[in-house]
Amino acid sequence: MDFRFTEEEKAFRKEVRDFIEEVFQEVLPSDWLGVDPGPEEETREEVYPLAVEVWRRLGAKGWIGLGWPKEHGGGGDLAKDWILKEELIYQGVPGMDPAVVQGDLILQFGTEEQKSRFIPAIARGEVKYAIGMSEPNVGSDMFALQLKAVEEADCYVLNGQKIWNTGIHQADWCVVYARTDPNAPKKHLGISIFIIDPKSPGITIRQITQMTGLGAFCEVFYDDVRVPKDNLLGEKNKGKDVSMHAFAIERTYGLVILHNARRYFDQLVQYCKETYTNGQPLAKDPVIRNRLAEMAIEIEVGCNMGERINWMTSQNMLTVLPSCQNKIYGARVAQSVASLGMQILGPYGQLDEKSKWAQLGGRMRHMYLSSRAWSLAGGTSEMSRNIIAGRFGLGLPS
Ligand SMILES: Cc1cc2nc3c(=O)[nH]c(=O)nc-3n(C[C@H](O)[C@H](O)[C@H](O)COP(=O)(O)OP(=O)(O)OC[C@H]3O[C@@H](n4cnc5c(N)ncnc54)[C@H](O)[C@@H]3O)c2cc1C
């Protein structure tokens, strides 16, 4: 195992940093403290146009889908893809979009016609995608989903409801999981996946306010929605294969969570250096020093776990187990960074960005609330522990 970067990769990191510097100069406001990766904070009115512009600039650089195979117009370079993500996430640059993930699915399971119809627009940074998996009674037990898709002569007709579909109200497309065979002998056998235009007639979208105050989550109601047959992704009733691939990608979010937490942590360290109580910088307080040092270890451990997973991926090794471990660990570390930040900021921590007394732009308060989601999104920590306990890990009977 070798974690060292090649000269070419180091040069690429420099190029990415130059790009980010340019984005800071030309796109982002001067007091920018960063946003969490993903579409949630893009629902902020002031962030959305910035994210769209960054996404477009990434497309113009040819950096969207850097990890995609070369034969599909990607960069074919997983290491560079991770360098790019790491830098963007750490700097809190908006525009990290799940379209890349949905692009992965289209490349893996789509027809040639679908690849040429959907992939170029993703690669140019022109379109946004959402994910339509969860339902009011279906989350961890995804294969129990109930949204019905009935085949007709020229289309499928969808009826039912989805929930927690992040950013679908701003998306151009949504990859939706539906039941096409209600009589299948096993529930995972009757599922199919569709690429759906969220503006189709019969779709009603209602935003839900989250505890962060954002309205990124949506309830989506399907009432006789007609989806062309050409938009079926993968084979009918074989949606399980697509789902397993999607779960595998979501499991790798551990490192995403950690690089994001690293930014909040470094801002906190800086705050401790610059903030004085009783004539002494906070950074001289032995308890604070101790807690920060402990936190630094945990972040380092998590990032090293993530780098190992990237290396294993590059060697075509199975990463289910370490990915589950790192996602659980990353969520825990992110939540600990936020808790520590709130303790150090004291009552200031409760103030949001609108208060003139807010410290660190009110971001630690946001992190404290938003980091709760990391142990749920993309598969809960309990479900990941089940995987670790089961056949991929400890071999315990289920
Ligand atoms: C930030 C965020 C973004 C999201 N974005 C999307 C999106 O874009 N599209 C989408 O479709 N969904 C999205 N989701 C929903 C997400 O996929 C679900 O929240 C997740 O799958 C868990 O499902 P649930 O909320 O229904 O909880 P449930 O599955 O009902 O679980 C409730 C609790 O019971 C535990 N539990 C359940 N089953 C077991 C078991 N077998 N063993 C042990 N414990 C168990 C869980 O761990 C959890 O603690 C998002 C969620 C979050 C937090």
Side-chain angles (χ1 to χ4, degrees), residues 35-43 96-102 105 128-147 158 160-179 187-188 191 193-196 198 203 205-222 239 242-244 246-251 253-254 256-257 260-261 324 327-328 330-332 334-335 338 366-391 393 396-398:
V35 286
D36 295 337
E40 256 122 85
E41 291 206 65
E42 291 176 16
T43 52
M96 277 247 349
D97 198 275
V100 183
V101 176
Q102 306 316 312
L105 298 183
K128 301 234 158 218
Y129 276 62
I131 306 167
M133 272 192 196
S134 308
E135 297 181 2
N137 292 315
V138 179
S140 303
D141 187 13
M142 221 285 288
F143 293 132
L145 63 87
Q146 295 298 320
L147 178 82
L158 271 62
Q161 188 193 339
K162 292 285 173 187
I163 197 166
W164 318 128
N165 292 181
T166 311
I168 188 172
H169 60 299
Q170 292 171 323
D172 301 280
W173 296 102
C174 184
V175 174
V176 176
Y177 296 65
R179 182 159 300 285
K187 57 189 179 188
H188 65 265
I191 290 171
I193 318 294
F194 299 91
I195 305 168
I196 288 180
I203 295 184
I205 298 174
R206 277 211 304 248
Q207 285 172 256
I208 302 170
T209 305
Q210 296 155 244
M211 65 177 168
T212 50
L214 301 173
F217 287 163
C218 298
E219 293 182 287
V220 188
F221 301 89
Y222 291 80
V242 185
S243 316
M244 297 312 284
F247 296 157
I249 296 171
E250 293 198 334
R251 272 192 223 110
Y253 286 176
V256 172
I257 299 170
N260 188 48
C324 286
K327 175 140 187 313
I328 295 172
R332 199 186 290 159
Q335 289 163 4
H366 170 81
M367 166 74 156
Y368 186 76
L369 296 172
S370 70
S371 63
R372 306 294 115 187
W374 290 122
S375 42
L376 293 169
T380 69
S381 292
E382 288 78 15
M383 294 307 283
S384 292
R385 278 190 209 101
N386 282 346
I387 294 173
I388 294 167
R391 73 186 166 95
L396 304 179
S398 53

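We count ligands from 1, going down the list as the structure has it; atoms in each ligand are counted the same way.
- Distances below 4.0 Å separate heavy atoms of Met133 from the following atoms of ligand 1: 10 (C), 11 (O).
- Looking only at atom types and distance, the side chain of Glu40 has no donor-acceptor partner in the side chain of Ser370 under 3.5 Å away.
- The protein atom (non-hydrogen) at minimum distance from atom 7 (C) of ligand 1 is Trp164 O, 2.9 Å.
- Under the 4.0 angstrom criterion, atom 30 (O) of ligand 1 counts as lacking any protein heavy-atom contact.
- Within a 4.0 Å radius of atom 35 (C) of ligand 1, the protein contributes no non-hydrogen atoms.
- In the vicinity of Phe217, heavy-atom distances shorter than 4.0 Å reach the ligand 1 atoms 1 (C), 2 (C), 3 (C), 4 (C), 52 (C).
- For atom 13 (C) of ligand 1, a protein non-hydrogen atom is found at a distance below 4.0 Å.
- Note: Trp164 and Phe217 have perpendicular aromatic rings, judged against thresholds of 30 and 60 degrees for the angle between ring planes.
- Residue Leu376 approaches ligand 1 through these ligand atoms, each under 4.0 Å from one of its heavy atoms: 20 (C), 53 (C).
- Closest protein heavy atom to atom 27 (O) of ligand 1: Ser140 OG, 4.3 Å.
- For atom 21 (O) of ligand 1, a protein heavy-atom neighbour is present inside the 4.0 Å cut-off.
- Less than 4.0 angstrom separates atom 40 (C) of ligand 1 from at least one non-hydrogen atom of the protein.
- Closest to atom 24 (P) of ligand 1, if we only count protein heavy atoms, is Gly139 CA, 3.9 Å.
- Comparing Asn137, Ile131, Thr380 by heavy-atom distance to atom 9 (N) of ligand 1, the nearest is Ile131.
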